[in-house]
Peer 1: 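First the structure, which I've put down as structure tokens, then a few questions once you've had a look.
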Amino acid sequence: MLYFDIKKRLRAGAKVFRLDAAFCLEEGSFLGIRGASGSGKTTLLRCLAGLCRPDSGGIRLGEELWYGSRPPVFLPPQRRSVGLVFQDYALFPNMTVYGNVFYATGDRKRTLELLELARLTELERHFPHELSGGQRQRTALARALGRRPRLLLLDEPLSALDESLRYSLGDELIRIQRETGVTAILVSHSREEISRLCTEVLELAEGRILGAGAEDRFEELRAGSAAEAGSA
Amino acid sequence: MSLDLEPFLVSLRLGLWVTGLLLVICFPLAWVFARSRGRWVVWVESTTSLPLVLSPTVLGFYLLILLSPRGAIGRLFMSVFHLRLAFTFAGIVIGGCVASLPFMLTALKTGIQGVPTQLLDASYTLGKGRLETILRVVVPNMRSGIAAGLVNTFAHTIGGFGVMLMVGGSLPGVTKVVSIAVYERVESLDFASAHVYSAILVGVSYIGVLLLNRLQRREARR
């Protein structure tokens with residue numbers, strides 16, 4: 001079970017608001033976080049990865065406490081079992097596809113396995129600047145899986161791709177998530193993308209959770225909570 | 001015209017020492033300047049840029065006072081390493097380091113700033129610590145910044161005059177660098193030697209800058 005409760009003051013342009021989001025996620029599920037830009041999605045992801053420290057709250061994955069405000073606990077990213085795919089992939093330009101993945105695994109056999117999983121075997125000697133958008137995305141994904149993370153974080157992984165690629169790589173993402181059984185959280189502003197890929201949905205607006213639940217019942221749940229809020 | 005090559009050897013040795021030392025000294029400083037958002041940074045940075053705008057003679061004068069046996073640094077070196085600094089090779093190495101510091105620092109800082117912070121974040125989430133990230137991700141991706149630091153520092157140091165003359169004097173084979181040799185040859189109206197010395201200095205500097213520009217062009221295409 002992944003549990004997080006993240007509170008943090010945020011600034012988006014001139015606007016200051018508070019990210020305040022708590023959620024529980026079964027391991028092995030695929031959560032989509034959606035919301036407009038500046039709603040706090042990426043910060044939430046960075047807090048989970050340990051790249052950003054919340055003001056208060058807690059983050060726990062299974063038995064491991066990653067962050068707690070009282071008593072103060074903060075595990076750095078190196079000590080969290082996470083993989084993060086960045087929006088612009090953040091591949092190391094000085095390393096080949098193989099080098100990028102090997103950097104994460106430190107093991108030749110595991111690297112080759114991941115390259116095969118992401119269908120990159122033929123491109124292993126290429127440098128990032130020689131790859132297409134989709135190939136870069138797959139390299140970033142293979143690299144993020146390198147440490148066998150228990151939690152895979154994906155920050156708008158498909159937004160830089162054109163429509164047809166977005167579709168086929170979306171399928172790849174589902175396949176790889178199922179094959180590895182990793183708990184995944186994907187951040188996207190695209191409602192369609194999330195409903196296609198994810199099993200759970202969480203919607204953020206100005207740092208607050210508007211609604212959350214199983215993907216197939218999400219619209220219904222959200223309509224219900226909106227009606228409840230209206231009648232209150 | 002009898003061409004004495006000794007000033008070249010002194011300049012070459014000086015250039016290598018200063019460039020090597022500054023690379024090591026400036027990297028951590030450049031890292032802090034590039035990454036820190038503290039207000040104090042601008043004050044420290046302005047101090048380290050001072051040698052760029054200050055007259056080398058003035059800089060040399062203060063350095064001479066500091067490095068002399070009665071000066072703070074001179075006394076320290078004397079008591080700890082039993083090393084005299086004023087009018088010695090060690091003294092002009094220190095003088096060269098101070099005078100060329102901003103060249104190395106600016107180039108390294110620009111290089112570090114050119115490496116996207118996302119690459120560092122990516123490396124941390126892949127389980128790597130800061131030192132490994134610097135060595136395997138930052139340094140290889142700021143090669144042109146490092147090359148600029150090396151070339152600019154080396155060229156500026158081997159061409160140094162004011163600071164070297166003030167701190168080191170003109171002891172043949174010890175502190176007499178090429179620029180001082182050119183000055184002395186002109187003073188004694190030996191223009192032919194001055195021409196040769198100067199032409200070699202121009203040639204070396206040009207080759208350095210040329211190699212640097214080629215590297216930067218190649219990197220920019222990636």
Side-chain angles (χ1 to χ4, degrees), chain A residues 42-43 45-52 66 75-96 99-107 110-111 114 126-131 136 139-156, chain B residues 23 27-28 30-32 34-39 41 107-151 211-222:
Chain A
T42 295
T43 306
L45 221 55
R46 291 177 59 84
C47 286
L48 289 171
L51 294 171
C52 209
W66 285 1
L75 286 195
Q78 291 90 343
R79 292 181 51 205
R80 300 183 184 199
S81 181
V82 292
L84 175 55
V85 175
F86 291 80
Q87 189 166 2
D88 56 7
Y89 315 131
L91 296 175
F92 304 127
N94 57 312
M95 299 177 201
T96 58
N100 266 279
V101 180
F102 186 80
Y103 186 82
T105 62
D107 176 79
R110 171 89 181 128
T111 306
L114 283 167
H126 286 57
F127 282 92
H129 71 277
E130 299 166 326
L131 302 177
R136 279 180 208 182
T139 308
L141 184 61
R143 187 181 69 175
L145 292 168
R147 283 209 297 160
R148 298 185 197 277
R150 289 173 67 192
L151 180 62
L152 176 67
L153 305 169
L154 305 141
D155 188 5
E156 304 261 8
Chain B
L23 184 64
F27 197 93
W31 181 268
V32 173
R35 296 269 172 240
S36 175
R37 288 192 207 141
R39 286 198 190 160
V41 170
L108 292 184
K109 185 184 140 195
T110 312
I112 291 171
Q113 282 171 333
V115 179
T117 46
Q118 290 230 322
L119 295 187
L120 308 188
D121 286 345
S123 176
Y124 299 151
T125 61
L126 296 172
K128 310 298 181 200
R130 182 168 296 182
L131 186 65
E132 191 172 358
T133 302
I134 289 176
L135 292 178
R136 292 177 66 186
V137 175
V138 179
V139 168
N141 287 305
M142 55 174 285
R143 276 188 307 194
S144 64
I146 293 174
L150 296 177
V151 169
L211 290 175
L212 176 65
N213 282 332
R214 281 185 49 166
L215 176 76
Q216 283 174 338
R217 269 172 172 264
R218 219 176 45 208
E219 297 269 301
R221 258 184 264 137
R222 294 220 335 207

Peer 1: Where on Tyr103(A) is there a heavy atom nearer than 4.5 Å to chain B: the side chain, the backbone, both, or neither?
Peer 2: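 Both parts, backbone and side chain.
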
Peer 1: Taking NZ, NE, NH1 and NH2 as the nitrogens, is one of them in Asp121(B) or Arg46(A) under 4.0 Å from a carboxylate oxygen of the other?
Peer 2: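 A salt bridge links Asp121(B) with Arg46(A).
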
Peer 1: Given that the side chain runs from C-beta out, which part of Thr117(B) has a heavy atom under 4.5 Å from chain A: side chain, backbone, both or neither?
Peer 2: neither

Peer 1: Select one option (side chain, backbone, both, neither) describing which atoms of Arg79(A) are under 4.5 Å from chain B's heavy atoms.
Peer 2: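 Arg79(A) has no heavy atom closer than 4.5 Å to chain B.
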
Peer 1: Testing Ile134(B), Leu120(B), Val137(B), Thr133(B) for side-chain contact (heavy atoms from CB on, under 4.5 Å) with Lys128(B), which one passes?
Peer 2: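 When Ile134(B), Leu120(B), Val137(B), Thr133(B) are each tested with Lys128(B), the side-chain contact (heavy atoms from CB on, under 4.5 Å) holds only for Thr133(B).
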
Peer 1: Below 4.5 Å from any heavy atom of chain B, which atoms of Leu91(A) appear? Answer side chain, backbone, both or neither.
Peer 2: backbone

Peer 1: Taking the side chain as everything from C-beta on, heavy atoms only, tell me whether Glu219(B) gets closer than 4.5 Å to Arg143(B).
Peer 2: yes

Peer 1: So which atom in Ala49(A) and which in Leu84(A) form the shortest heavy-atom distance, rounded to 0.1 Å?
Peer 2: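 So the minimum-distance heavy-atom pair works out to CB-CD2, 4.1 Å.
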
